[in-house]
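Since we're looking at a predicted model, the values are computed, not measured. Basis for what follows: all heavy atoms, side chains included, without hydrogens, waters or symmetry-related copies.
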Amino acid sequence: MIIITGPQGTDEERGLIAEMAGFHQGLPAYEVVGRWAIATVLYCLAGWECCPVAVADVQIAETLGLPVFLLAV
């Protein structure tokens, strides 16, 4: 399962995450509570490093050994 994360401070930013997740047949990181065990990869939208929630998503993915990629839009 693909998980998408990125800045999540506004409705517009969360909407972009949801849109990209749908496009890539994945899930937005803010909807995967309890599903990290079946994740296969994490894609990060630009600016993720400025959002504490997205930074935590990356740390979770790295702890689980998931590949983490920057997704350019």
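At a threshold of 4.5 Å between non-hydrogen side-chain atoms, the residues Leu42 and Trp36 count as touching. Annotation: side chain of Arg14 is in contact with side chain of Gln8 (closest heavy-atom distance under 4.5 Å).
Shown here for Gly6 and Ala54, the closest heavy-atom pair between the two residues is O-CB, 3.5 Å. Across every non-hydrogen atom of Val58 and Cys44, the tightest pair is CG2-SG, 3.6 Å.
Judged by distance alone, the side chain of Glu13 and the main-chain N or O of Thr10 form a donor-acceptor pair under 3.5 Å.
Put simply, Val32 and Leu16 are part of two different groups of oily side chains (I, L, V, M, F, W, Y) that touch within less than 4.5 Å, one to the next. Using a 4.5 Å cut-off between side-chain heavy atoms of Ile, Leu, Val, Met, Phe, Trp and Tyr, with links allowed through other members, Ile38 and Val68 fall into the same hydrophobic cluster. Residues Ile3 and Ile60 share a hydrophobic cluster, clusters being chains of Ile/Leu/Val/Met/Phe/Trp/Tyr side chains in contact below 4.5 Å. A continuous path of Ile, Leu, Val, Met, Phe, Trp and Tyr side chains, each step under 4.5 Å between heavy atoms, connects Met20 with Val41, placing both in one hydrophobic cluster. Note on Leu64: it does not cluster hydrophobically with Val53, by side-chain heavy-atom contacts below 4.5 Å among ILVMFWY residues.
Taking CH2 of Trp48 as the start and CG of Leu70 as the end, the distance is 9.0 Å to the nearest 0.5 Å. The structure places CG of Asp57 at 11.0 Å from CD1 of Ile4, a figure rounded to the nearest 0.5 Å. To the nearest 0.5 angstrom, Leu45 atom CG is 7.5 Å from Thr5 atom OG1.
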